[in-house]
Amino acid sequence: MASSMCSVTSIQPEKKLLHCDSASRFISFRNSYTISNLFFFTRTFDRRRFSKRSFVVKNVSGESSAPILKDLVVEQGAAGDLSSLTPDAASIASNIKYHAQFTPLFSPEGFEPPKAYFATAQSVRDSLIVNWNVTYDFYEKMNVKQAYYLSMEFLQGRALLNAIGNLELTGAYGEALTKLGHNLENVAEQESDAALGNGGLGRLASCFLDSLATLNYPAWGYGLRYKYGLFKQLITKDGQEEVAENWLEMGNPWEIVRNDISYPIKFYGKLVTGSDGKRHWIGGEDIKAVAYDVPIPGYKTKTTINLRLWSTKVSSEDFDLNAFNAGEHTKACEDQENAAKICFILYPGDESLEGKTLRLKQQYTLCSASLQDIITRFEKRSGSCVNWEEFPSKVAVQMNDTHPTLCIPELIRILVDLKGLSWKEAWEITKRTVAYTNHTVLPEALEKWSFELMEKLLPRHVEIIEMIDEELIQNIVSEYGTTDPDMLLKKLNAMRILENFDLPASLDEIFVKPKEISAVDLNEEPKNSSVVGNEGTEGSSVVDVNKEKEVPDAAALIDDEDELEEKDSQEKKELDAEPVLIPQKMVRMANLCVVGGHAVNGVAEIHSEIVKEDVFNDFYKLWPEKFQNKTNGVTPRRWIRFCNPNLSNIITKWIGTEDWVLNTEKLAKLREFANNEDLHTEWRASKRSNKVKVAKFLKEKTGYIVSPDAMFDIQVKRIHEYKRQLLNILGIVYRYKKMKEMTASEREEKFVPRVCIFGGKAFATYVQAKRIVKFITDVGATINHDPEIGDLLKVIFVPDYSVSVAELLIPSSELSQHISTAGMEASGTSNMKFVMNGCILIGTLDGANVEIREEVGKDNFFLFGAQEHEISSLREERAKGKFVPDVRFEEVKEFVKSGIFGSNSYDELLGSLEGNEGFGCADYFLVGKDFPSYIECQEKVDEAYKDQKKWTSMSILNTAGSYKFSSDRTIHEYAREIWNIEPLELP
């Protein structure tokens with residue numbers, strides 16, 4: 001044990017965590033302030049601001065600078081002052097022209113929108129670089145505790161408008177681009193969405209980064225730099241098709257590669273014990289994780305934090321030149337390809353062993369590279385004497401879901417194997433440092449990894465996990481005692497990290513196993529059997545009972561011939577017996593998160609209660625102090641201020657201040673004007689203007705023409721059975737059927753015109769979700785071409801849904817559907833974005849819907865469906881064959897089966913809604929149960945929409961009640977109650 005745990009960092013070369021200086025600075029501003037000639041800062045500043053000595057920045061050739069640079073003067077030692085200056089449109093235009101000429105990604109001819117976008121982004125990045133350096137100079141100086149947010153996803157969307165908005169330069173950049181012959185909006189549309197995420201998990205992480213920067217909290221984000229993202233979604237006659245994302249093909253102007261910052265990552269290999277008694281992980285496959293930095297600016301603050309993304313490669317020495325020259329090109333590049341593919345796509349298919357291995361490699365790469373970087377920064381800030389006891393008081397690591405779980409054993413490995421701490425010291429430091437956010441109650445999403453795979457890929461980590469599991473067993477036995485073995489065994493089976501493992505030998509006396517008796521012959525002693533590995537199987541091993549057996553001398557054992565015949569018959573039965581399945585040994589990552597972290601939080605009040613009362617109930621009883629709720633939030637900057645400027649201006653006008661962008665509680669003042677006719681007029685005009693934009697967009701993307709005078713009814717989210725897009729589309733089918741049964745005048749009187757918009761991606765291997773996408777598009781193709789229906793009903797599936805598409809659709813929305821089976825959606829964040837933009841929700845009491853309904857008022861939320869506490873009994877009722885489906889539900893299914901929507905068979909899709917038990921059927925997500933309530937609620941929506949005065953008041957009250965759902969509020973709670981960090985505003 002290290003006395004006082006304080007030591008001078010001295011690592012042998014093979015153990016170095018960093019191959020280079022990890023100061024992680026964008027530009028090195030020295031005290032003498034002689035800036036490298038490689039850096040050009042091209043804005044024109046007001047010289048009256050400067051009174052000290054100054055100098056002129058020259059170009060790299062040493063010749064006189066280009067005309068656009070001639071007026072640049074920078075005050076000596078004023079690095080911090082640069083970010084406080086506000087450039088005008090003329091200096092911005094010059095800066096854009098400079099980047100188009102001297103940092104080009106395009107040929108010199110012309111200045112088309114793509115080229116204008118890259119030059120504009122590079123111009124903005126200049127300001128971000130200065131602010132970033134100032135921010136981290138100050139953080140280094142103050143040596144404050146810093147939070148590190150690890151996530152497999154960061155769904156950022158486009159960066160340009162958000163960045164210039166946060167810098168308060170939107171008007172200046174718009175004017176500058178006008179001077180250059182371009183329109184800001186058109187230039188911004190040239191940007192590809194960063195393909196670093198899929199859904200709410202990644203979007204939440206990006207909102208959190210925005211809030212952390214805006215609120216001046218010291219923090220970084222860590223993720224992976226996916227070359228091809230998840231996939232680009234195409235909608236064809238066959239439904240969804242997937243192709244690789246191309247977001248990096250033209251380059252990414254926002255990222256800065258850090259070739260000098262790389263960390264070693266090891267896979268496979270073996271463990272040996274050194275002469276010093278320490279464990280050493282040697283051999284195996286070695287790669288490097290290289291840092292790419294993306295600056296994240298705060299709103300109306302100089303604070304600019306960092307999102308560090310890791311890309312993977314191997315060194316040049318690993319290229320087999322001899323093999324290549326011998327014509328073995330694939331073999332020569334094998335190491336490069338194995339390393340690079342780790343960061344090819346988000347969530348690679350894991351049906352195969354190769355897919356599972358790649359996913360585990362991704363997770364470990366994120367954890368190992370990030371922790372090595374964090375530790376290096378801690379050591380640098382600590383100076384010559386590193387006190388490891390201070391690590392948790394300087395570092396907070398937040399695991400966004402179970403993907404970064406390997407942070408726990410990896411931190412222990414580094415502290416014990418590389419830094420020389422004892423197991424006890426490392427374990428206590430880890431528990432005080434790491435925290436876990438749970439995002440799901442779905443069993444399949446609470447990750448489990450094959451022990452065999454993990455032991456092969458990460459042998460040292462398996463050893464550490466086994467030690468954590470042993471300590472957990474001791475804690476459980478100590479807490480509950482041994483007087484009730486059955487209860488204790490139940491606890492151990494539920495809480496252990498290692499699943500399907502024997503208990504330690506020390507517990508044998510507590511759990512005395514009865515003598516095993518053969519089910520084949522009660523009089524025969526058990527025979528030996530061999531265990532076959534799980535090659536070619538998934539989830540189990542097989543005991544081979546068909547192995548040839550040695551038969552003893554019958555005469556010596558059996559005197560009666562009849563007994564001999566009976567014995568032969570029994571042995572024949574044994575030979576014909578089915579293989580006995582042995583459950584596969586697994587590592588429960590969620591359990592490891594709970595055990596290894598000091599805090600566990602859900603993401604909505606109802607979800608956090610389910611986490612405590614169901615998902616982790618045994619852990620909650622053992623450690624109730626660990627469990628918290630942190631209801632999700634979204635940034636009001638991106639999701640109102642920038643994506644819906646018309647509504648933002650209206651809000652500012654009626655509230656009397658723009659402070660609501662930072663203090664969303666001021667939105668509540670809108671309640672005072674909920675019935676004001678003048679506000680109603682402005683509110684409806686803003687909504688219609690947004691709908692006109694979306695109608696144009698839909699025509700361009702799908703070819704369908706929709707009326708902006710119809711209600712825009714939107715459900716956009718990841719396609720999943722529990723999110724129940726199937727319930728939505730079946731409701732539309734029922735609506736269509738009823739329309740067809742009416743005369744034209746009856747239809748117009750009964751129904752409000754609707755444009756029903758869907759968007760979202762089905763995971764490439766999720767067959768049922770892809771069937772839902774296909775069904776939606778088939779229904780749309782029929783309804784949209786029905787001349788009898790016309791504008792009364794349209795069904796649109798928007799291909800390749802993304803953040804930038806959401807920023808267009810959400811401001812136009814009037815009704816949004818959040819209709820998951822109660823108790824299955826952890827929180828949701830799109831519901832918050834819709835509410836902020838004055839959209840009224842129809843939904844179940846699930847996730848954040850519960851709190852949204854409380855804040856906006858019960859009369860301003862369309863509620864239907866079974867509640868969470870009823871779900872279990874309803875499924876039991878179904879299993880017993882007692883469920884009686886509503887006649888309208890049966891009617892709509894028969895209508896679909898009639899072939900009205902084409903020749904495609906929907907048997908597999910509808911089959912999931914039928915039967916009483918079995919995998920893939922029995923309506924597990926209760927579509928049939930909630931269908932009657934759903935269509936009746938939709939009738940209430942129609943009636944409310946007909947009264948536009950009432951509807952507009954409801955819309956205003958939704959925006960007014962959305963203030964709680966700002967990510968600023970959520971981040972304040974994390975900072976105060978989990979991370980224990982304080983805001984650090986730059987001087």
Side-chain angles (χ1 to χ4, degrees), residues 128 147 149 151 153-168 170 188 193-194 196-197 199-217 219-221 223 254 294-301 303-307 398 400 437 603-604 630-645 647-648 651-652 658-667 802-811 827-839 848 852 959 961-975 983:
L128 300 185
Y149 198 83
S151 178
E153 298 185 39
F154 285 93
L155 196 57
Q156 293 177 279
R158 293 170 174 164
L160 178 58
L161 293 181
N162 191 77
I164 62 176
N166 278 359
L167 292 170
E168 300 181 87
T170 303
D193 279 40
L196 299 172
L201 186 78
R203 187 54 244 165
L204 177 75
S206 293
C207 284
F208 280 3
L209 292 185
D210 178 89
S211 288
L212 285 163
T214 296
L215 301 174
N216 301 300
Y217 281 111
W220 269 21
W254 303 104
V294 180
I296 307 295
Y299 177 71
K300 290 189 174 184
T301 175
T303 298
T304 301
I305 64 173
N306 193 39
L307 170 58
Q398 188 69 35
N400 192 29
T437 298
V603 290
K630 297 288 173 281
T631 298
N632 283 344
V634 299
T635 168
R637 271 75 63 185
R638 183 180 288 269
W639 293 110
I640 310 183
R641 182 66 187 88
F642 302 146
C643 77
N644 199 347
L647 182 63
S648 297
I651 293 171
T652 298
E658 200 181 39
D659 288 350
W660 60 268
V661 181
L662 288 170
N663 301 292
T664 52
E665 62 273 9
K666 294 188 177 182
L667 289 172
S802 62
V803 174
S804 56
V805 173
E807 290 172 338
L808 187 62
L809 293 180
I810 290 174
S827 170
T829 52
S830 66
N831 45 8
M832 302 170 184
K833 299 164 194 169
F834 280 102
V835 168
M836 280 185 174
N837 284 272
C839 180
I852 289 173
T959 298
S962 69
Y963 62 88
K964 174 182 175 179
F965 305 103
S966 166
S967 51
D968 294 352
R969 184 266 313 154
T970 314
I971 285 300
H972 277 312
E973 293 177 0
Y974 273 100

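Bear in mind the structure is a predicted one, so any value in this text is a computation, not a measurement.
The closest side-chain heavy-atom distance from Trp660 to Ile640 is below 4.5 Å. Tyr149 has its side chain within reach of Phe154: a pair of non-hydrogen atoms, C-beta onward, lies under 4.5 Å apart. The side-chain heavy atoms of Asn644 and Lys833, taken from C-beta on, include no pair separated by under 4.5 Å. By the 4.5 Å heavy-atom criterion applied to side chains, Asp193 and Leu155 are not counted as neighbours. Annotation: side chain of Leu647 is in contact with side chain of Asn837 (closest heavy-atom distance under 4.5 Å). Side-chain contact between Met832 and Ser827 is present, with at least one heavy-atom pair separated by less than 4.5 Å. Between Ile296 and Asn306, every side-chain heavy-atom pair lies at or beyond the 4.5 Å cut-off. Put simply, the side chain of Arg158 does not reach to within 4.5 Å of the side chain of Val803, judged on heavy atoms.
There is no side-chain donor-acceptor pair under 3.5 Å between Asn400 and Thr437. A donor and an acceptor atom, one from each side chain of Asn632 and Thr829, are nowhere located under 3.5 Å apart.
Taking both residues in full, the closest heavy atoms of Cys207 and Thr635 are given as SG-N, 3.5 Å, listed atom of the first, atom of the second, then distance. Of all non-hydrogen atoms in Asn166 and Pro297, the two that sit nearest each other are ND2-O, 2.9 Å. Among all heavy-atom pairs drawn from Ala848 and Ala604, the shortest one is N-CB, 3.9 Å. Scanning both residues, Pro811 and Ala806, for their nearest heavy atoms gives CD-O, 3.9 Å. Closest approach of Ser962 and Leu667 over heavy atoms only: OG-CD1, 3.8 Å.
Arg638 and Asp210 are not joined by a salt bridge, as no carboxylate oxygen comes within less than 4.0 angstrom of a charged side-chain nitrogen. Ionic pairing of Glu665 and Lys964 is not present here: no N-O contact between side-chain nitrogen and carboxylate oxygen is shorter than 4.0 angstrom.
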Exercise. So Asp968 and Arg637, side-chain contact (heavy atoms from CB on, under 4.5 Å) or not? Walk me through it.
Worked result: CA-CA 10 Å; Asp968 294 352; Arg637 271 75 63 185; 2.7 Å; yes
For this session: Decide yes or no on side-chain contact (heavy atoms from CB on, under 4.5 Å) for Leu307 and Trp220, but give the supporting numbers first.
Result: CA-CA 6 Å; Leu307 170 58; Trp220 269 21; over 6 Å; no
Exercise. Can Val294 and Gln156 be said to form a side-chain contact (heavy atoms from CB on, under 4.5 Å), step by step?
Worked result: CA-CA 11 Å; Val294 180; Gln156 293 177 279; 4.1 Å; yes
For this session: Tell me, with the steps shown, if Tyr974 and Phe208 meet ring pair (Phe, Tyr, Trp, His ring centres under 6.0 Å).
Result: CA-CA 10 Å; Tyr974 273 100; Phe208 280 3; 5.5 Å; yes
For this session: List the steps, then state whether side-chain contact (heavy atoms from CB on, under 4.5 Å) holds for Trp254 with Leu128.
Result: CA-CA 10 Å; Trp254 303 104; Leu128 300 185; 4.1 Å; yes
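A distance of 5.0 Å separates CZ in Phe965 from CD1 in Ile852, rounded to the nearest 0.5 Å. In this structure, CD1 in Ile810 is found 4.5 Å from CZ in Phe834, a value given to the nearest 0.5 Å. Between Thr303 atom OG1 and Leu212 atom CG the span is 10.5 Å, to the nearest 0.5 Å. Atom-to-atom distance recorded for Leu215:CG and Arg969:CZ is 12.0 Å, nearest 0.5 angstrom.
Of the possible donor and acceptor atoms, none in the side chain of Arg641 sits under 3.5 Å from a partner among the backbone N and O of Pro636. Panel note: side chain Thr664, backbone Tyr963; a donor-acceptor pair is recorded below 3.5 Å. Put simply, the side chain of Glu153 never gets that close to the backbone of Arg203: no donor and acceptor are under 3.5 Å apart.
Each of Ser206, Ser966, Ser967 was scored for a side chain to side chain donor-acceptor pair (under 3.5 Å) with Ser211, with one residue passing: Ser967.
Every residue two or more places apart in sequence or in another chain that forms a side-chain contact (heavy atoms from CB on, under 4.5 Å) with Glu168 is listed here: Lys300. Contacts of Lys666 classified as salt bridge (charged side-chain N to carboxylate O under 4.0 Å, His left out), with partners at least two apart in sequence or in another chain: Asp659.
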